[in-house]
Structures are given as C-alpha cells and as structure tokens.
Amino acid sequence: MRIAFKIAFRYLFSKKSTNAINVISYISMIGMGLGALVLVVLLSVFNGFEEVVTKLQSSFYADIELEKVQGKVFELSEEQVTQLKEIEGVEDFALVLEENAYVSYNGKSSIAKIRAYDEHFAAVNAIGDYMIKGDAVLQEKEQDFALLGAGVYYNINASYNQPITIAIPKKGKHSAVVASQLFNTAQIYPGGVFGIQNEFDNVYIITSLSFLRDLQDFTNEVSGVEFKVKKGFDENKVIASIEQVMGADYKTTTRVQQNKSLYQAMQAEKYAMIAILFLVLLIISFTIIGALSMLAMEKKLDISILKAMGANNAFVFRVFLLQGMLGSLIGATVGAVLGVLIVGAQQWFGFIKLGTNGGFVIEAYPVKLETFDVVLAFVLIIIISFLASWLPASRAAKGKIEFVKY
C-alpha cells in the first residue's frame, strides 16, 4: 500500500505528456474543493438560521406546555400545584390563560390573542430579551400592563400615554340589543412592545393572569401550564412525571412538538440542499473518470514495467484508485479549510449583513460551524471520488484501456 501510495502521489503531481490530463486533473481537484467549501458554508448558514429560529421560538414557547385533552380551561388543585413543584428537573412553572380578543384604540382595531401569565412569567418566557419599547413587566403595584406585539401595536397606532380597549366575548348564551353588550371590555395601558417574528408580533398581547381572569369572570381557571426545565435534565423524564401527577385527561408537548411543522420544514430544506450538492459533486466527478482514463493510456508502459516487476492487477488498481482519491481529498481539504475560515470570519466580524433598515432581529447572516458538517463534506467527497475512480482504475488494472498509438 505504501509503494502504491507513493506512485499515485507522483502520478498526481508529475507533468504529463498531454497537457489536457493536467488540466482535467486540476479541474476535478478544484471542483471537489469548491464542493467542500460550499457544503461547509451552506450547512453553517442553515445551522445559524436554525439556531436563530430556535432561539426566537424559545423566547415565546416554554420547554414543556401542559394542556387539557378536552376543554379549553381547567383548574389546578393545591395538591397538584405542590406535586408539580416537587418534580425533579422542573426549575419553575407559570399558569397561563389564553383567549381571542378584539383590541382597539382611538378608532382603530385589530383581532388579537391575549395570553396571560402569573407572577412566574419571566421564569418561563424570554420575551424580555426582545422588547422594542418598554419593559417586560405585566403588573406593578396592582397596576396591570399589556405587552403588545409590534404588529398589533402599529396596527392600532397605540400610545403609551393612553389605555387600549380589550373586548372578549361573554361566556354562554346572551341576548342583547347592541353587539357591545355581548362582550366584556376593559382598558389597560401598554407597558411595552416586543418584536420576535410576524407569527407572534401580529397576533399576541401578553398581560397578567389576574387581569384576564377578571375580564372573563374567572377565579382559578387556566388554559395551560408552562414549565422551565433545569439544564441537564431529560425532558422526557420530566414529562413522564408531569403526566403521572396530572393523569390521562391532560397532555404535554415540548417546544419542538408545538412547532413540529416548522422544524420538519427546516430539516427537509437542509436535506434537499445536501442532496442537490451531492448531485453537483457527482457531475464534477466525471472529470476524475476522464483524467484517470487518459492517465492510464499515457502510463501504458509504466503499467507493463510494474507487472514485469511482479505487480499484480490489485496493485495497479490501488495505484490508480489512490491517485483519483488523492486529488479529491487534497481539493476537499483546501476547500473545507477555506470554508471554515469564511464561516469563522462571518461569525466573528459579520461581514455579510441581512439589511440596514433595522427590520431584522439580527444584523448579519447567522452562521454556526459544526464538526459534523466538515466531516459530512469529507465523507461525501470520499464516497464520490471512490465511485468515480473505481471504473477507470479497474479497467487500467485489467488492461482494458484502449491505448493511443504515438
């Protein structure tokens, strides 16, 4: 193997009598290098966007959410609250109540969802990190405040100095002369504006649990419980403990399960991109076949001498197989290193910006380099170069190349 490697290495860099062989060999090497570079960079970009999306989702959705299987609201007994607090792995939890509402201010109105939290809001929710205006405070000195999504805030042209009106349909069947008598209404001052992403900003208003309960004529009802899991603890074990306390009438979902379609779409796009790049590399690999076939024609005399010295077909096969794979691996190494440098530069300095209008939650294209991506690039190129080198190496070993007469 060592001798075969040395011969293959010499064949790779030695000057050929036909310049076209050199050109095709360098093209295949550069092609594999570009493939490795693009793979590393694009996978890092996908990882970066996935991390941003996950972070944005985690700012709104809790690690685990508990809801009733049937029915919109339920009540927790003191015993259940105590048992939930004692579950190993639960750092904290907050009681949540959610309802559709009609919100208006100064003649402008919008449909919104009101999500209300108890005093443990900050422990399970990270919206405070995405406040555009104001602070993430729901209640202060018995004064309730509303945190408005940026879309809701601008749709109704709300003001900090004036309260907004929130209307919620009354429960049960009611007869009324005017439509306004079918709603419970209350006014509340905006305490802040958050900007995460459109699916939240255009829909949600967050307020205190006591405010929404009073508006709905509730006492202890909740629509869900959101849990914060301690770092290092298995979510599945925590879920099993929660379900044991609450019973079969309740269901638990993780953050990923709450946004299953989103995460599946991101993974599908990533795999599709890898498949496309694999096909591109496969097309580039035809240059390896051409270069090796032409090299075998040129080295007809060398092959005859090697066989006269005792080399068998397997040895000749290894020489040409190694020659084809060496060029690909050298190109892949250079490409991967350049890819890592580009990703590192973007990660540290953020050269490529998303925009200058301030409409993004981040300024530069997000990237995240993972060792798996670099390894994947090498594995794909090794597989492709092996397959591309196999046929010409096999034909050269068996003497089935049609040699050109000089």
*Is N184 reaching over with its side chain to a backbone N or O of I168, donor-acceptor style, under 3.5 angstrom?*
no
*Taking atom CD1 of I114 and atom CG of L97, what is their separation to the nearest 0.5 Å?*
10.5 Å
_Point-to-point distance, once rounded to the nearest 0.5 Å, from CZ of F278 to CG of L39_ = 10.5 Å
*Determine whether L147 and F121 make a side-chain contact, defined as any pair of heavy atoms from C-beta on separated by less than 4.5 Å.*
yes
*Hey, are Y102 and S109 close enough side-chain-wise for a donor-acceptor pair under 3.5 Å?*
yes
*Can Q139 and S210 be counted as having a side-chain donor-acceptor contact under 3.5 angstrom?*
yes
*Does a side chain donor of either Q257 or E65 reach within less than 3.5 Å of an acceptor in the other side chain?*
no
*Within a reach of under 6.0 Å around NZ of K251, are more than 12 heavy atoms found that belong to other residues, nucleotides or ligands?*
no
*salt bridge (charged side-chain N to carboxylate O under 4.0 Å, His left out): which pairs involve residues 210-232, sequence neighbours left out?*
R115-E226
*Are the side chain of S385 and the backbone N or O of I382 linked by a donor-acceptor pair below 3.5 Å?*
yes
*Given ring-ring contact (aromatic ring centres under 6.0 Å, His included), test F211 with F145 step by step and report yes or no.*
CA-CA 9 Å; F211 173 82; F145 296 100; over 10 Å; no
_Measuring only between side-chain heavy atoms, which start at C-beta, is F194 closer than 4.5 Å to I206?_
yes
*Please tell me if the side chains of I64 and V229 come closer than 4.5 Å, counting only heavy atoms from C-beta onward.*
yes
*Is the closest side-chain heavy-atom distance between V193 and Y160 below 4.5 Å?*
yes
*Any chance you could measure I196, atom CD1, to K55, atom NZ, to the nearest 0.5 Å?*
12.0 Å
*Please walk me through it: do F93 and F227 pass ring-ring contact (aromatic ring centres under 6.0 Å, His included)?*
CA-CA 4 Å; F93 65 86; F227 294 85; 5.5 Å; yes
*Is there side-chain contact between D135 and M131, with heavy atoms separated by less than 4.5 Å?*
no
*Is the backbone N or O of E98 less than 3.5 Å from a side-chain atom of S223, with the two atoms forming a donor-acceptor pair by type?*
yes
_Beyond-backbone contact of F351 with Y365, side-chain heavy atoms, under 4.5 angstrom_ = no
*Which residue pairs satisfy the salt bridge (charged side-chain N to carboxylate O under 4.0 Å, His left out) criterion with at least one member in residues 68-77, sequence neighbours excluded?*
K72-E99
_Can a donor-acceptor pair be found, under 3.5 Å and without considering hydrogens, that links the side chain of D118 to the backbone of L209?_
no
*Going by the angle between their ring planes, with limits at 30° and 60°, are F60 and F200 parallel, tilted or perpendicular?*
parallel
_To the nearest 0.5 Å, what is the distance between OG on S261 and CE on M266?_
10.0 Å
*Between CZ of F46 and CD of E370, what distance do you get to the nearest 0.5 Å?*
13.5 Å
*Taking atom types as modelled, is there a side-chain donor on T252 or E243 under 3.5 Å from an acceptor on the other?*
yes
*Flag the pair I156 / L148 as yes when at least one side-chain heavy-atom distance between them is below 4.5 Å, and no otherwise.*
yes
_Inter-residue atom distance Y189.OH - S159.OG, 0.5 Å rounding_ = 9.5 Å
_CZ (F372) with more than 12 external heavy atoms under 6.0 Å_ = no
_Backbone N/O of L329 and side chain of T333: donor-acceptor pair under 3.5 Å_ = yes
*Donor-acceptor contact below 3.5 Å, side chain Q197 vs main chain L56*: no
*Check whether the side chains of D373 and N47 place a donor and an acceptor atom closer than 3.5 Å, and report yes or no.*
yes
*Minimum side-chain heavy-atom gap M325-L321 below 4.5 Å*: yes
